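Have a look at the structure below before the remarks.
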Amino acid sequence: MRNRVPAPQPTPLSPFDRLWLTEAVRLREQHAGPLEDGEANRHARQQGGDAADLIEARALWLARRDGLDQALRHWQQGARLARYLLAALALFIGAGLAYSALGDGVRPVNVFWALGSLLGLNLLTLLGWLAGFVFAGDGNGALGRLWLWLSRLLARDARAAHLAPALLSLLEQRRLSRWLLGSGANSFWLLAMSAALLGLLALMATRQYGFVWETTILGERTFIGLTQALGVVPGLLGFSTPDAGQIAASSGVATPDARHAWAGWLVGVTLVYGWLPRALLTALCGWRWRRGRAALRLDPSLPAYRLLRERLQPSSERLGIADPAPAALHAPASGRQLDGSEGAVLVAIELDPHVSWPPALPAGIADAGVLDEREQRHRLLDQLTRYPPERLAIACDPRRSPDRGTLGLIGELSRCAGQTRVWLLQPLTGQALDSARLGDWHDALDRLGIAHQAAAPLQWLETGHD
C-alpha cells in the first residue's frame, strides 16, 4: 500500500499575474470550447466574494490544474532571458555606433558624418515609434514584437501558447501595451546610446582624433550656424562648442584646441539629442505602465463572462432569500448530511445492489452513502468542499472497469480531504475477481497517487493508523 503524495502548494501569484492567468483561461475556452470546471466552480463558490473574485478564483484553479501557472513561470523566465539577449544586442549596437563614428584614428573624423552615424538610426527608430504611438494607437514596434516572440520561443512550453495573446488582450483593456512595450523599446535604445557614449569616451581617451567638416555645395556659414545651434543645449550643461574661428579652421585639419572643442561638442550633442530623449521616454513609459498596472481590475460585465456569472453566482443567490425557511430540510436518501463535525468519512461508488452497505461503523466515522447519480455526486462534493474531512475512504467494486469518469470522481473526492484511501471491496461469495481488471485498478490508482487496499480501512478511518 502506498501513501498518497501530498499535492504541491500553489506558488503565490501577484495580482497582475492572477489577472493574466484569468485572461489566458478565457482565451483558451474561447478557442477550444468550455473546460471541465465543476470542481473549479465549487472551490470558487466556497471561497466566496463578488463576481470578479469568483471568476478569478475559478480561472486560477483551472490554471493550476492544467499547469498553466507553471507555463506562466516558464514564459516569464523566457521573457527575462529575452531581455538579457536584447540588452546584449543593444550594447553591441552602441559600441558599433561609436566605432563607426570615430574609426581607428588614422583619418580625420568628419564631424557631421560622425554625428549622423551616432544619431541617425536612433532618430529613425524614435520617429517610427512615435508614429506608431500617435497614428496606429500603439507603441509596440518591431522590438516589442521581437521580445514577445523570443519570450515564447525561450519559454519552451507548449502550454504557454495563449499567454502572449492574453497579455496583449489584458493590456488593451486600458491601452497599456503601448506603455509596457514602449518602455522596453526605449530602454533598448537608452542602453544602446549609453554604450555609444561610453565607447566615444573610451576611444577619445585612448586615441587622438582630428575633426574636419567637408562639403561641395554648402557654404561655411551653414556649418557654423548649424554647429552653434546644435551646441546651445549641450552648452547649458557645460559641454564645449567650437567658436566660429575654430569651425572655419576645421575645413582643413583642426588645431589641438579645436579638437578638444569638437570632442566635447560631439559628446554633448549625442547625450542631449540621443541619450536624453530615450531616458525621458523610458521614465515616462515606465511610470505610466506601473500606474496603469496597479489600476487593472477584472471586469465581470464583459460579454465573455455573462454565462459564467450565472453559473458561479446564480440569480437567486445574488438576489438573496425571499421565501421563508421550510420546517425541515431535504436530506439525501443515501448517507447522511455532513455538517463539518466529521473527521472521517466513508463513501462508496456504484456498488452492486446486493452488497450490504454500510458496514458497522465505529463512532466518529460518517457514512456518506453510495454515489450512483450525478446529483448525489455534486451534493457530496459541495459538502466536502465546505467541510473537508481529515480522512476519507472510498469504497469501489473492482469488478467494474476503472473508467475515466470513476477515476475523475475519485480524484475530485481525494482533493477534498486531508488523506484518502480507496477500499477495493472483495467480491460476494461465489463471485470471481478478474486479476487483470484488479491490476488495472492498481495501476490507475498508483498513477493518481492515491493509496489503496483490499482490507477494510475502518481502523485507519477511526484512529488515523493501521
Side-chain angles (χ1 to χ4, degrees), residues 4 7 35-48 54 57-58 61-62 65 311-312 314 316-317 326 328-353 355-398 400-425 441 444-445 448-453 456-458 460-462 464:
R4 183 165 66 96
L35 300 173
E36 175 56 46
D37 61 353
E39 190 174 0
N41 293 342
R42 283 193 296 274
H43 281 272
R45 288 193 294 266
Q46 174 63 23
Q47 178 176 303
L54 295 175
R58 168 191 177 270
W61 197 97
L62 292 172
R65 182 195 69 182
R311 297 208 308 270
L312 292 173
S316 58
E317 230 177 81
L329 294 175
H330 168 73
S334 59
R336 53 176 282 196
Q337 189 84 17
L338 306 180
D339 60 9
S341 62
E342 300 84 357
V345 175
L346 174 66
V347 64
I349 298 177
E350 296 180 348
L351 296 187
D352 190 308
V355 174
S356 176
W357 193 265
L361 297 178
I365 300 178
D367 169 33
V370 181
L371 302 182
D372 290 314
E373 301 175 356
R374 181 184 298 272
E375 181 182 352
Q376 293 173 318
R377 299 180 182 189
H378 289 172
R379 183 169 53 242
L380 179 61
L381 286 167
D382 285 337
Q383 293 175 12
L384 294 180
T385 301
R386 295 179 61 191
Y387 308 116
E390 182 180 348
R391 294 179 295 279
L392 174 67
I394 306 172
C396 298
D397 186 350
R400 296 178 180 271
S401 174
D403 55 76
R404 288 189 300 173
T406 300
L407 294 175
L409 177 58
I410 292 174
E412 286 192 65
L413 290 169
S414 70
R415 289 188 287 272
C416 296
Q419 300 178 69
T420 301
R421 290 189 182 182
V422 172
W423 179 10
L424 298 175
L425 299 174
W441 273 97
L445 293 172
L448 287 177
I450 299 177
H452 51 85
Q453 61 188 71
L458 300 183
W460 172 77
L461 277 172
E462 182 180 16

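Every value quoted in this text rests on a predicted model; they were computed, and no experiment measured them.
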*asked:* Go through it in stages, so that I can follow the logic: the residues are L425 and W357, the test is side chain to side chain contact (heavy atoms under 4.5 Å, CB included), and I'd like the CA-CA distance, side-chain angles, deciding distance and then a yes or no.
replied: CA-CA 11 Å; L425 299 174; W357 193 265; 4.3 Å; yes
*For side chain to side chain contact (heavy atoms under 4.5 Å, CB included), just list the numbers for Q453 and W460, CA-CA rounded to whole Å, side-chain angles, deciding distance to a tenth of an Å, and then say yes or no.*
CA-CA 11 Å; Q453 61 188 71; W460 172 77; 5.6 Å; no
_Intermediate values then yes/no, side chain to side chain contact (heavy atoms under 4.5 Å, CB included), V355 and D397_ = CA-CA 10 Å; V355 174; D397 186 350; 5.8 Å; no
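Listed here is the closest heavy atom pair of A360 and L458: O-CD1, 3.7 Å. What you find for L424 and P398 is that their closest heavy atoms are C-CD, 4.2 Å. Taking all atoms of both residues into account, the shortest heavy-atom contact from C416 to P388 is O-CB, 3.0 Å. Across all their heavy atoms, T385 and L381 have their closest contact at OG1-O, 2.6 Å.
Between the side chain of R391 and the main chain of A344, no donor-acceptor pair closer than 3.5 Å is present. Remark: the backbone N or O of D372 is paired with a side-chain donor or acceptor of Q376 at under 3.5 angstrom.
Between R377 and E350, at least one side-chain nitrogen of the basic residue sits less than 4.0 Å from a carboxylate oxygen of the acidic one, meeting the salt-bridge criterion.
Under the 4.5 Å side-chain criterion, counting only non-hydrogen atoms from C-beta, C396 is in contact with I410. Using a 4.5 Å heavy-atom cutoff, the side chains of L392 and S414 are not in contact.
L413 contributes atom CG, which lies 6.0 Å from atom CG of L380 (distance to the nearest 0.5 angstrom). Here CZ of R421 is found 12.5 Å from CD1 of I394. Values are rounded to the nearest 0.5 Å. With rounding to the nearest 0.5 angstrom, the CG atom of L409 is 4.5 Å from the CD1 atom of I349. In this structure, the separation between CG on L346 and CD on E462 is 13.0 Å, given to the nearest 0.5 Å.
A side-chain donor from one of D403 and T406 sits under 3.5 Å from a side-chain acceptor of the other.
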